[in-house]
Amino acid sequence: MENIRGEEPQPDHQPSIEQKIYIALAAIPQGKVVTYGQLGDLAGVPRAARQVGYILRNLPTETTLPWHRVINAAGKISLGPDTDSGIRQRALLQEEGVVFNNGRISLKQFRWQP
DNA sequence: ATGGTGACTTGGC
DNA sequence: TGCCAAGCCACCA
């Protein structure tokens with residue numbers, strides 16, 4: 001596999017941070033969400049919240065990964081509600097049955113806990 | 001080398 | 001509840 005910057009894998013064959021994030025991301029079930037920091041933890045990369053955001057921002061638009069199931073610790077979408085991606089994320093989540101209350105998702109109800 | 005930035009998080013009022 | 005300051009860490013100019 002190759003990373004988002006088109007670089008080849010590390011010579012030691014260790015999974016890159018990105019690959020770990022992709023794998024953890026792919027495991028999130030439909031109708032559930034995780035926070036940026038949680039995704040890092042699930043991928044075995046603590047304190048990687050900002051890095052997760054960076055990686056998601058650089059995903060190709062045609063990705064099949066469930067990028068929309070990642071929200072912030074406040075239970076809100078981190079993209080502006082006025083941006084195309086922000087609007088799409090909300091729509092995709094609602095299609096999966098995720099409910100918004102005043103722009104917020106109840107982590108109590110919808111957070112995925114393996 | 002170095003300081004600014006950001007799809008973030010946490011603790012304290 | 002909500003706002004703020006710190007902490008965080010890869011990326012970039």
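The chains referred to below are lettered A, B, ... by the order of the sequence lines, with proteins before strands, and numbering in each begins at 1. A quick note: this is a predicted structure, and the numbers were derived from the prediction, not measured.
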TODO: Would you classify A/Thr35 as touching base, sugar-phosphate or nothing, given that sugar-phosphate means primed atoms plus P, OP1 and OP2, and contacts are heavy atoms under 4.0 Å?
DONE: sugar-phosphate
Open item on the list: Are A/Thr35 and A/Asn72 packed together at the side-chain level, in the sense that at least one heavy-atom pair is separated by less than 4.5 angstrom?
Closed with: no
Task: Secondary structure of DNA chain C in dot-bracket form (Watson-Crick or G-U wobble, distances below 3.5 Å, | marking inter-strand pairs) - done: .||||||.|||||
Open item on the list: Test your reading of the model: is there a side-chain donor-acceptor pair from A/Lys20 to the backbone of A/Leu42, 3.5 Å cut-off?
Closed with: no
Open item on the list: Rounding to an integer number of Å, can you tell me how far A/Leu39 CG sits from C/dC8 P?
Closed with: 21 Å
Open item on the list: Using whole Å, what does the distance between atom P of nucleotide C/dA10 and atom NZ of A/Lys20 come to?
Closed with: 13 Å
Task: Test item: A/Trp112 and A/Val33 side chains (from C-beta on) under 4.5 Å apart, heavy atoms - done: no
Open item on the list: Is there a path of hydrophobic side-chain contacts, each under 4.5 Å between heavy atoms of I/L/V/M/F/W/Y residues, joining A/Leu59 to A/Val70?
Closed with: yes
Open item on the list: Any carboxylate oxygen within less than 4.0 angstrom of a Lys/Arg side-chain nitrogen, looking at A/Glu96 and A/Arg69?
Closed with: yes
Open item on the list: Is the positively charged end of A/Arg90 above the ring of A/Phe100, judged by distance under 6.0 angstrom from the centroid and angle within 45° of the axis?
Closed with: yes
- [ ] Shoot me the first and last contacting nucleotide of DNA chain B against chain A, ordered 5' to 3', at under 4.0 angstrom to non-hydrogen atoms.
- [x] B/dG6 to B/dT9
Task: From A/Ile77, A/Val98, A/Leu93, residue fulfilling side chain to side chain contact (heavy atoms under 4.5 Å, CB included) relative to A/His68 - done: A/Leu93
Task: Criterion side chain to side chain contact (heavy atoms under 4.5 Å, CB included) against A/Leu56, the qualifying member of A/Leu79, A/Leu25, A/Leu65, A/Thr63 - done: A/Leu25
Open item on the list: With heavy-atom distances below 4.5 Å as the criterion, would you say the side chains of A/Val34 and A/Ile71 are in contact?
Closed with: no
Open item on the list: Please determine whether residues A/Ile105 and A/Val99 belong to a single hydrophobic cluster, defined as Ile, Leu, Val, Met, Phe, Trp and Tyr linked transitively by side-chain heavy-atom distances below 4.5 Å.
Closed with: yes
Open item on the list: Please give me every residue in residues 45-52 of chain A whose heavy atoms get under 4.0 Å of an atom in DNA chain C, ordered by residue number.
Closed with: A/Arg47, A/Arg50, A/Gln51
Task: A/Ile21 CD1 - C/dC9 P separation (whole Å) - done: 14 Å
